[in-house]
Amino acid sequence: MKVTTSSRLIQIMNERNLKQVDIINMCEPFCNKYGVKLSKNYLSQYVSGKVEPSQRTLSILGMALNVSEAWLMGYNVPKERESIVVKAFSGGLNVDTSVDNREIVLMQYYDKLNSLGKDKLIERAEELSMISKYSENYLQPIAAHERTDTKHTEEGRKHDDDLMNDESIWGD
């Protein structure tokens, strides 16, 4: 049996416990951004298999559901979208970084803001990045080498773990 866009949409809906209205809502920001119309009626026809979506609509569905368009069309390819690669300017160096779903959501909110709101969002992000609890290096040890000049016991390891897990010592 040939795999169709309809069966892929139904599969995603079942796996993620989504209704058609949920998919419409997930697609809305992408539809607005790219000028694509996706009505409840159209989606219903795609799910039922009566109509195949256009390439532009497949792209919107793929972005919103975070799946590959080729997979959505029924091809035997990985479901996951290829990661988006962006050029990020960081510390004077151009760095390629992959964008995860949270970053895409953040960009969607950013796009909804006016100039003043965008400045405020950047200000808040900068503030959060200065709080160790929210930074990439939060509670990452620099080194974790076991000493060889002394014998370690389970009791000693438990004591060390208790110290490391004591929030009153390490609290922000």
Single-linkage hydrophobic cluster Met63~Ile23, side-chain heavy atoms < 4.5 angstrom: no
Taking every heavy atom of Leu65 against every heavy atom of Arg16, the minimum-distance pair comes out as O-NH1, 2.7 Å
Apply side chain to side chain contact (heavy atoms under 4.5 Å, CB included) to Met13 and Gln20, showing your working. CA-CA 8 Å; Met13 290 170 65; Gln20 290 183 23; 3.7 Å; yes
One should read off an interatomic distance between Ile60 CD1 and Lys37 NZ, to the nearest 0.5 angstrom, of 12.5 Å
Is the number of heavy atoms from other residues, nucleotides or ligands within 6.0 Å of CG (Asn17) greater than 12? no
CD/Glu126: more than 12 non-hydrogen atoms of other groups inside 6.0 Å: no
Are any of the side-chain nitrogens in Glu15 or Lys79 under 4.0 Å away from the carboxylate oxygens of its partner? yes
Leu18 with Val67, same ILVMFWY side-chain cluster at under 4.5 Å: yes
Would a hydrophobic clustering, with Ile, Leu, Val, Met, Phe, Trp and Tyr connected at side-chain separations under 4.5 Å, put Tyr75 with Val3? no
How long is the gap from CD on Glu69 to OG1 on Thr57, to the nearest 0.5 Å? 11.0 Å
CG (Leu9) and CG (Leu61) are apart, to the nearest 0.5 Å, by 6.0 Å
Using 0.5 Å steps for rounding, measure from the CD1 atom of Ile24 to the CG atom of Asn41. 9.5 Å
Counting N and O atoms only, with roles assigned by atom type, does the side chain of Ser59 sit under 3.5 Å from a partner on the main chain of Gln55, one being a donor and the other an acceptor? yes
Any chain of hydrophobic side-chain contacts (each under 4.5 Å) joining Tyr42 to Ile12? yes
Indicate, with yes or no, if Phe30 and Leu43 share a hydrophobic cluster defined by side-chain heavy-atom contacts under 4.5 Å among Ile, Leu, Val, Met, Phe, Trp and Tyr. no
Of all the heavy-atom pairs spanning Leu72 and Arg8, show the shortest one and how long it is. O-CG, 3.5 Å
Backbone N or O of Ser44 within a donor-acceptor pair of the Ser48 side chain at under 3.5 Å? yes
Okay, side chain of Asp22, backbone of Lys19: is any donor-acceptor separation there less than 3.5 Å? yes
Looking at every non-hydrogen atom in both residues, tell me the closest pair between Ser7 and Thr4 and how far apart they are. OG-O, 2.8 Å
Within a reach of under 6.0 Å around NZ of Lys120, are more than 12 heavy atoms found that belong to other residues, nucleotides or ligands? no
Quick one: OG on Ser115 to CG on Asp119, what's the gap to the nearest 0.5 Å? 5.0 Å
